[in-house]
Amino acid sequence: MIQEQLQQLITKALDKVLPATDQSGLTDLSIDIETPNNPEHGDFSSNVALVLGGLLDQPPRQLAETIADNIPDTLLIKRVEVAGPGFINFYMSPIWLQEVLEQCLTAREQYGCSDYGAGQKVQVEFVSANPVGPIHIGNARGGPFGDALANLLAATGYDVQREYYVNDGPENTQLKLFGASVQARYLQELDIPAELPEDGYQADYVVELARQLVQQDGDAHTDVPTDDSGALYFFSLVKEWMVQRLHEDCAAMGIQFDRWFRETELYEQDAVRQEVDKLLQSGAAYQKDGAVWLGATEFGDDEDRVLVRRTGSPTYIASDLAYAVDKFVKRGFDKVIYVWGPDHAGYVARLQAALAAIGVQPGQAEFIIYQTVRFLEGGQPLALSKRRGNIITIQQIIDDIGRDATRFFFLMRSVDAHLDFDLDLARQHGEENPVYYVQYAHARICSIHHEATQRGFEILPLDEVDLSLLTHPDELTLLRKIADYPQLIQRAALDRAPHRLPHFAYELAQSFHQFYTTCRVLDADQPALSQARLKLVQGTQIVLQNLLGLLGLLGLLGITAPKEM
RNA sequence: GCGCCUGUAGCUCAGUGGAUGAGAGCACCGGACUUCGGAUCCGGGUGUCGGGGGUUCGAAUCCCUCCAGGCGCGCCA
């Protein structure tokens, strides 16, 4: 990308000006190439002299002059200026944008991709909702986010795997509660008196599960004891239905996991017990009050944590540790990104400490906590409570406003921010809805191509088209947008910030609409210009498609917007 | 009480330690179609970047503190 080329030019200049020792504190990051807010300050700008001046205790302005004077001549750059406290500003010659367009048209679906990750094995684990109910609006946000993040990492050269962790372990108390709820509903369905446990699952789908069970097995399970073993038994009866439902919900969101990892696998291999034993041997864990404790404070946690209860059954930390060993040691991931809901925020420090205890290096495990989503309808937030039973499933939302609009709205905001999901806005197919604004730009692009074919415009190969004819301000703005795309991908991946993509898609659509209004593409009187503009349109389409591909929104491009206004 | 996240225009939000310019969308008002899709475009104005202090040549951005909101803090997951 162009920023890298400029960085290399600066590096060359530095090599001529400064002894290598003076460059020791310099990293790629300190040679920052950015786009100035004020266009008068050039097309690109570098703060290298300001950073280096501070490091070497030299006047930045003077240093900047020296560096600027030694930047090798190239056709891409018209002139270099030093400004302000010591910025080096680059004024590009017009051909740089033509080169970018050529790169884009040549690379096509690879445009914007890089090998930055150098094939490192990264796992993104996300959603991982317990198999006790469908995906609902409280836990769905991690889905589109994790999926888009995985796409971004793959596009920047990482070897990415998507994983869903199914918490179906035999020691999971949530499952017992859920199983007991199913059991109670099952008995009620057969007119046998039974009470839903306190804090049990009240939602309607539990009643439906019970009904399904009666339909399948009749009264075959009435003699099952109403204790933990009975609860687990009932869970086992409905488990595959639940997992199947989770599969369907994720598929509905457009997510394909590479692996559904089941917690039971860890117990079948006796991995949980083995890990606890290892920790006891290494001294990282100890016995107290009949329980086994992890000495988590040694590894930065606030307090030590129980690994094995007094009853002898392991806690979730124990199985999460065994799971981590499976990820890092057995399967050899260089990095694992855990995407969790806000209710898990307090668990980060705990697992981090536990990971340190098994020798996972800091930075190998990343934790991304997404914030809550409020769904608004008529300006009022929808209330949801899993326990009280008035849950709203992600399937309902998708049925309502469509998969792509759902994903777009989820992805629009930073995961750090609380998200207001405006259902009324998402339902609209009008100008207020950013989804259709972007979609409309693509529809227009397709229409131009269609029209070109209809009118018999011959599409010339790239080397026969004079791109230097693209000089209109709106053409240049659009070209600049195409040029900015690779760095956007790079930074969004690095910052784990997929939300920048919908914003960029909107801006790209905006630049295109503006171009479309002022610059007629197909003009029989100006065939050479038409050819150049067709290339620009094609470049826009490539970027738009790549962008929406990363967001998992290619469906938007397949749907043709209505012809009626 | 402790921890995490947030606080930017009337509303919803972008914003990468940079420049005499802190930006979008929505909403509101006014304009633009004989020709590629008007679900479009153009113009119009709004800010103690929650308050205070600090670091820096330079802070919405980093640090401290206070205020406000959301979420979490179990031998539940």
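A, B, ... follow the sequence lines: proteins, then strands. Residue 1 opens every chain.
Among the nucleotides B/rA24, B/rG72, B/rU40, the one closest to any side-chain atom of A/T517 is B/rU40. Residue A/P36 places its side chain closer to B/rA19 than to any other of B/rA19, B/rC13, B/rC5. Among the nucleotides B/rG70, B/rG15, B/rC41, the one closest to any side-chain atom of A/Y437 is B/rC41. Side-chain atoms of A/H418 lie closest to B/rC5 of the nucleotides B/rG18, B/rC5, B/rC41. Listed candidates were B/rC75, B/rU35, B/rG25. Nearest to the side chain of A/Y506 is B/rG25. Relative to the side chain of A/R350, the nucleotides B/rC73, B/rG21, B/rG18 differ in distance, and B/rC73 lies closest. Set against B/rC75, B/rA19, B/rC36, the side chain of A/T315 has B/rC75 as its closest nucleotide. When the nucleotides B/rC71, B/rG18, B/rC13 are ranked by their closest atom to the side chain of A/P342, B/rC71 comes out on top. The A/R444 side chain lies nearest to B/rU40 when the options are B/rA14, B/rU40, B/rC75. Nearest nucleotide to the side chain of A/L522, out of B/rC36, B/rG70, B/rC75: B/rC36.
Nucleic acid contact for A/Q510: sugar-phosphate only, since backbone atoms but no base atoms lie under 4.0 Å from a heavy atom of the residue. In this structure, A/Y516 reaches the bases: a heavy-atom distance under 4.0 Å links it to at least one base atom across the strands shown. Contacts of A/R374 with the nucleic acid, taken as non-hydrogen atoms under 4.0 Å apart, are absent. At a threshold of 4.0 angstrom between heavy atoms, the contacts of A/P131 with the nucleic acid are absent. Backbone-only contact: A/R500 has heavy atoms under 4.0 Å from sugar-phosphate atoms and none from a base. The residue A/H344 sits close to a base: some heavy atom pair falls under 4.0 Å. Within the 4.0 angstrom heavy-atom criterion, base atoms lie near A/Q371. Among the protein residues, A/A83 comes within range of the nucleic acid bases, having at least one heavy atom under 4.0 Å from a base atom. As judged by a 4.0 angstrom heavy-atom cut-off over every strand, A/N172 is placed among residues touching the sugar-phosphate backbone only. Using a 4.0 Å heavy-atom cutoff across all strands shown, A/E171 reaches sugar-phosphate atoms only and no base atom. As judged by a 4.0 angstrom heavy-atom cut-off over every strand, A/L307 is placed among residues making no nucleic acid contact.
Between the base of B/rA19 and the side chain of A/N89 there is a donor-acceptor pair shorter than 3.5 Å. With hydrogens and angles ignored, a donor-acceptor pair closer than 3.5 Å exists between the side chain of A/N38 and the base of B/rG21. Scanning atom types as modelled, no donor and acceptor separated by under 3.5 angstrom connect the side chain of A/S414 and the base of B/rA14.
Ring centroids of A/F145 and A/F410 are separated by 6.0 Å or more, keeping the two rings apart. Between A/H472 and A/F515, a ring centre-to-centre spacing not shorter than 6.0 Å is recorded.
Base pairing analysis places B/rG72 opposite B/rC2; the two distances defining the Watson-Crick or G-U wobble pair are each below 3.5 Å. In this structure, B/rA27 forms no base pair with any nucleotide, since neither Watson-Crick nor G-U wobble geometry is met with both distances under 3.5 Å. Across all strands shown, B/rG7 forms a Watson-Crick or G-U wobble pair, both distances under 3.5 Å, with B/rC67. A 3.5 Å limit on both hydrogen-bonding distances identifies no Watson-Crick or G-U partner for B/rG17. Across all strands shown, nothing is found opposite B/rU55 as a Watson-Crick or G-U wobble partner with both distances under 3.5 Å. Partner assigned to B/rA32 is B/rU40, using Watson-Crick or G-U wobble distances below 3.5 angstrom.
Spacing of P atoms, B/rC49 relative to B/rA22, comes out at 11 Å, to the nearest Å. When the C1' atom is compared between B/rC57 and B/rG17, the two are found 12 Å apart, to the nearest whole Å.
Rounding to whole angstrom units, CG of residue A/D304 and P of B/rC73 are separated by 19 Å. For the pair A/F504 CZ and B/rG23 P, the computed distance is 19 Å after rounding to whole Å. Computed from coordinates, the A/N47 CG to B/rU56 P distance equals 18 Å when rounded to whole Å.
Side-chain N/O atoms of A/H41 include none lying less than 4.0 angstrom from OP1 or OP2 on B/rU20. The phosphate of B/rC42 has OP1 or OP2 within less than 4.0 Å of a side-chain N or O from A/Q514.
The aromatic rings of A/Y347 and A/H344 sit perpendicular, their planes meeting at an angle over 60°, well past the 30° parallel limit.
Considering A/K535, A/R520, A/R533 as possible partners of A/E475, the one that fulfils the salt bridge (charged side-chain N to carboxylate O under 4.0 Å, His left out) test is A/R533.
A/Y338 carries A/K327 over the face of its six-membered ring, with the cationic atom under 6.0 Å from the centre and within 45° of the normal.
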Can you check salt bridge (Lys or Arg N to Asp or Glu O under 4.0 Å) on A/D404 and A/R407, steps first, answer last? CA-CA 5 Å; A/D404 295 308; A/R407 279 185 73 119; 6.0 Å; no

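A salt bridge links A/R480 to A/D484: one of the charged nitrogens lies within less than 4.0 Å of a carboxylate oxygen. With respect to the salt-bridge test (charged N to carboxylate O, under 4.0 angstrom), the residues A/D304 and A/K288 do not qualify.
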